[in-house]
Amino acid sequence: MSSKTVETLPEATVLFAGDSGDGMQLTGTQFTLATAHAMNDLATLPDFPAEIRAPVGTTYGVSGFQLHFGSVDIRTPGDEVDLLVAMNPAALVVNLDRVKPGGTILVNSNSFEKKDLKLANLKENPLEDGSLDKYRVIQVELTRLTRETLKDSGLDHKAIDRSKNMFALGLSLWLYSRPIEPAQRWLTTKFAKKPDIRDANLELLKKGYHFGETTEQFVTRYEVTPATLPPGRYRAVQGVQALAMGIVAAADKSGLPITYGSYPITPASDLLHALSRYKNHGIMTIQAEDEIAAIGMTIGASFGGSLGITGTSGPGIALKGEAMGLAHILELPLVIVNVQRGGPSTGLPTKTEQSDLMQALFGRNGDAPMPVIAASTPGDCFEAAYEACRIAVKYMTPVVLLSDGYLANGSEPWLIPDPDSLHDFPVEFATEFNAEEEGEEVFWPYVRDEQTLARPWAKPGTPNLEHRVGGLEKADKTGNVSYDAANHEKMIKLRTEKVERVQQDMKPLEIFGDEDADLLIIGWGSTRGAIEAGVTRALNAGHKAAAVHLRWVNPLPADLGEVLSRFSTYLVPELNNGQLVRILRDRYLLPFEAMNKIQGRPFGPSEIERKIAEMVG
Amino acid sequence: MPPGVPSGDGASVLTRADFSSDQDVRWCPGCGDYAILATVQRLMPELGVPRENLVFISGIGCSSRFPYYMNTYGMHSIHGRAPTIVTGLKTARPELDVWMITGDGDSLSIGGNHIIHIMRRNVDVQIIMFNNQIYGLTKGQYSPTSEIGKVTKSTPFGSIDHPFNPIALVLGADAPFAARTMDRDPKHMKEILRKAHDFKGTGFVEVYQNCNIFNDGAFFDYTEKATKSDRAIFFEHGKPLTYAGGTRGLRLDGFNLEDIDLESGEWGVDDCLVYDETSRELATILARVYWREELPQPFGVFYREERPTYDAQVNDQVNAVIERSGKGSLEDLLAEGDTWLVE
């Protein structure tokens, strides 16, 4: 290391981009793992095309993995990229606008042949025409070096070329002084049964790492010192993993068996994959024939005394709407997970968006409100899922849990929670008569708890509590079918009031930033990191601002009105065309300003910072 | 009120009345549904199943009001989706005795996708499909089983839709048990329902049910005294296919059934096909005897195939995983994979 200068950085953003078959997600994941081991705080953003294997070399086949890490509090996957690793011209073209001026671009120079340029719609070679002059470009012959390294490996050409991402990974790890051992351990386990592949990958990883040391192309190597995170044991966690573990925690703490019904859909399928491995934790999974079946099965399971959970994305929710209304009127516990993606219709299946909020709040026939909870970071998906389950059972209601593509696929260091620290999760099934009719003791399924307005949960198999439920309006208390006008209005109000009472279970709102500011930013869901990082930057720049983040979007917290009254201007950033902002305007009649981004990508802190400066500067 | 009346030996014996809920039955007077309800309520005490373990799940339609009239656990769900509710309920609670009530529109039109999937999965449930060949609750549109040319409110010039043959449809979806009976023959209906209940798996029973308001007499050829004997054949496992008081029979000629006269001297009972309800081939042939002028309409158990049920298999798999790797520990799961300590 003697010949190289080492520069210490507070934070850095790296983006790996290549063909969807180039293994960029894997490269990014392994770089993330090494970064976690280097004790940096981090946030990631995988960004892949909807096509599984789009034609090689095309711009629409580009798959990317962005990682932001540092010794400071990292709240987003990064605004501007410090290092872009581009495996081909298409990857360069698609991602160039994300690289900051003066940033580094590492390209596989072997993939800039005429045909490669043509596939990326380039007339000139960007490595030669001066268009990259404002960046530091490092050309590495990745393909040639890979072939040379593996010429005696016995692997065929295709297998050899496919491994070049390991060379790139090794080189990137060296460049940012990351440990190489986590990737080595992973390769050894992953390819335990394919020793030739394992050895080839290990060799390339090492060669890439050493290449950085020996080549004169690099004069500087970077170092990012460990972040000061709260003490405890950590792991890197993706939102989808955290959500699945939150469900397992709910099963564990409540003692309820959980039935998860789902139909494959991007980006929610990974939740089905994760939960299907957790059978020994009391989770039963059913891959249903369609979205409607998936929720129907979970309603059946909840009727039977399990906790039914169904997960999908926006188009699936559209199909589940009628059954969600059934769950609402039956007053059975149910959790409906929506991992939101770009819409409408099929929209942008692999990109993130927050555009299903109105659907979650109102997307059913009749007045059928349900509690809506939103996760705010990948790790927070754990607690959001746990709370969704707890509230569903406590209030005997379906609960919508909103995640999104960014949260599901993104990852961050996660302080592993102590199961004993989780909220109590008591469950009580009805076993006794609860009313009197004509001098006889009877069971009425719609007699309510005074505090929560929840009805009793009497599961089949319980003697003497035989009862019928259904989608027709039911008489108050007895649950018998009723077409009575006054009763219908009463029942609508009762069910609505029950959902409102979830406010009892909310923690007081916390204000982030300067409480004396005039401007309050109101956010929900996955924008939390960008909003709070943007506020921090604004504060550092001398602009006064504060932010409040909504864990529950329905009902709105009881103290929100009071919090709003302490400010005079309001900004509502959302990754949609303006949804929460309409709810807030309707409820509080205050001048909320909308800030919308609908590009399939999360906000960056600088966007928030600029907007704050514009509003208060 | 605890169910049943004390019997001689002190044990509680349930009666039909114990299975009637306190709700007024609201079907049209003269509807075939009454006979089905009465038959089911009479059958229940004979099954020996504790009342609290019985669950009736339905979709939407006239027939689907059924659970409200049964004093058991029950759910009147949404249109076409009862098979999904049943699948979830049985998977979560395999020990329950679940009955699904549906109609031709509910299960073959809006619920078509679910009915085929519950068949292939073989969820342990009895399905009673009331087939009246009409939409009753929406006041008289043609249904997926209505005959071509049917004039209804929505088809003033006659329906052009080719109708489904329900038994052939479910056999195509690998139904493990498929049978047909009729509302006007409660004795036969009760025996068929009992067989469906005895069967471990999806017991599908199609019941011809007269809608006296919108499709009166649709099945009278098969159900009424004057023609029943000549137009309907009641077949049983291991017995020759005979009808018309034993004067006529069906023999197999290649893959085709031939109607034979057992009094002519040319044919005898021994020439008739002896039915085997475990034969998929015979079930396929007999299921295709459907509204044929030259042949009687078959009633009975077309097919029975024992195979593992979905609900049992899901639970077996869970138990096998627990046996192999032990009950999962939440603490271990949370700390799975690469972890590091921040001091």
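Just so it is clear: chains get the letters A, B, ... in the order the sequence lines come, proteins before strands, and each one is counted from 1. Just so it is clear, the model here is predicted, and its values are computed rather than measured.
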Got B/Thr91 and A/Met284 here, is their nearest side-chain heavy-atom distance under 4.5 Å? yes

Testing the basics here: between A/Thr462 and B/Glu52, what is the closest heavy-atom pair and its distance to 0.1 Å? O-CB, 3.6 Å

Under 3.5 Å, is there a donor-acceptor pair between the side chain of A/Arg468 and the main chain of B/Thr72? yes

With a cut-off of 6.0 Å (strictly less than), are more than 12 heavy atoms of other residues, nucleotides or ligands near CD of A/Glu437? yes

Within the supplied structure, the quantity of interest is the number of heavy atoms (other residues, nucleotides, ligands) at a distance under 6.0 Å from B/Glu95 CD; does it exceed 12? yes

Backbone N or O of B/Gly326 within a donor-acceptor pair of the A/Asn280 side chain at under 3.5 Å? yes

Counting heavy-atom pairs under 4.5 Å to chain A, which of B/Gly111, B/Ser329, B/Gly337, B/Ser21 comes out on top? B/Ser329

So do B/Tyr73 and A/Val469 actually touch side chain to side chain, heavy atoms under 4.5 Å? no

Between B/Asn71, B/Asp97, B/Asn319, B/Asn53, which residue shows the highest count of heavy-atom pairs closer than 4.5 Å to chain A? B/Asn71

Is the shortest heavy-atom distance from the side chain of B/Tyr68 to the side chain of A/Asn480 under 4.5 Å? no

If you count heavy-atom pairs under 4.5 Å with chain B, which of A/Gly470, A/Ala36, A/Ser306, A/Gly325 comes out on top? A/Ala36

Counting only non-hydrogen atoms closer than 4.5 Å, does A/Ile258 touch chain B with its backbone (N, CA, C, O), its side chain (CB onward), both, or neither? neither

Under 4.5 Å heavy-atom distance to chain A, tell me which part of B/Ser64 shows up: side chain, backbone, both or neither. neither

Select one option (side chain, backbone, both, neither) describing which atoms of A/Tyr278 are under 4.5 Å from chain B's heavy atoms. side chain

Just one of B/Thr87, B/Thr84, B/Ile116 clears the side-chain contact (heavy atoms from CB on, under 4.5 Å) bar with A/Glu289, so which one? B/Thr84

Ranking B/His79, B/Glu343, B/Glu336 by heavy-atom pairs under 4.5 Å to chain A gives rank one to B/Glu336

Given side chains that start at C-beta, do those of A/Met297 and B/Leu89 come closer than 4.5 Å, heavy atoms only? no

Of all the heavy-atom pairs spanning A/Pro419 and B/Leu334, show the shortest one and how long it is. CG-CD1, 4.1 Å

For chain A, which candidate among B/Val98, B/Asp22, B/Ile85 shows the most heavy-atom pairs at distances under 4.5 Å? B/Ile85

Mind checking which of residues 120-129 of chain B sit less than 4.5 Å from chain A, heavy atom to heavy atom? B/Arg121

For A/Thr259 and B/Ala92, work out which heavy atoms get closest and say how close. OG1-CB, 4.1 Å

Side-chain heavy atoms of B/Thr339 within contact of A/Ile416, under 4.5 Å: yes

Side chains of B/His114 and A/Asp290: does their closest heavy-atom pair fall under 4.5 Å? yes

For chain B, which of A/Pro463, A/Pro413, A/Gly471 has the most heavy-atom pairs under 4.5 Å? A/Pro463

Between B/Ala335, B/Ala320, B/Gly88, the one whose heavy-atom pairs under 4.5 Å with chain A are most numerous: B/Gly88

Which region of B/Gln23, side chain (C-beta onward) or backbone (N, CA, C, O), has a non-hydrogen atom less than 4.5 Å from a non-hydrogen atom of chain A, or is it both or neither? side chain

Can you check whether anything in residues 228-236 of chain A gets within less than 4.5 Å of chain B, heavy-atom wise, and list it by number? A/Leu229, A/Pro230, A/Pro231, A/Gly232, A/Arg233, A/Tyr234, A/Arg235, A/Ala236

Can you tell me if B/Arg93 uses its side chain to pair, donor with acceptor, with the backbone of A/Gly304 under 3.5 Å? yes

Answer key: most heavy-atom pairs under 4.5 Å with chain B among A/Ile286, A/Leu330, A/Ile329 is A/Ile286

Does any heavy atom of chain A fall under 4.5 Å from the side chain of B/Tyr310, the backbone, both, or neither of them? side chain

Quick one: are A/Trp186 and B/Asp338 in side-chain contact, heavy atoms under 4.5 Å? no

Looking at chain B, which one of A/Lys459, A/His281, A/Lys253, A/Lys279 has the largest number of heavy-atom pairs inside 4.5 Å, strictly under? A/His281

If every non-hydrogen atom of B/Ile78 is compared with every non-hydrogen atom of A/Ala323, which pair is closest and at what distance? CD1-CA, 3.6 Å

Most contacts with chain A, counted as non-hydrogen pairs under 4.5 angstrom, among B/Glu331, B/Gln317, B/Lys327: B/Lys327

The reported gap from NE2 in A/His37 to CH2 in B/Trp340 (rounded to nearest 0.5 angstrom) is 7.0 Å

Smallest heavy-atom separation, A/Pro460 atom then B/Leu96 atom, equals CB-CD1, 3.7 Å

CZ (A/Phe31) with more than 12 external heavy atoms under 6.0 Å: yes

Do A/Val248 and B/Leu333 come close enough that some side-chain heavy atom pair is under 4.5 Å? yes

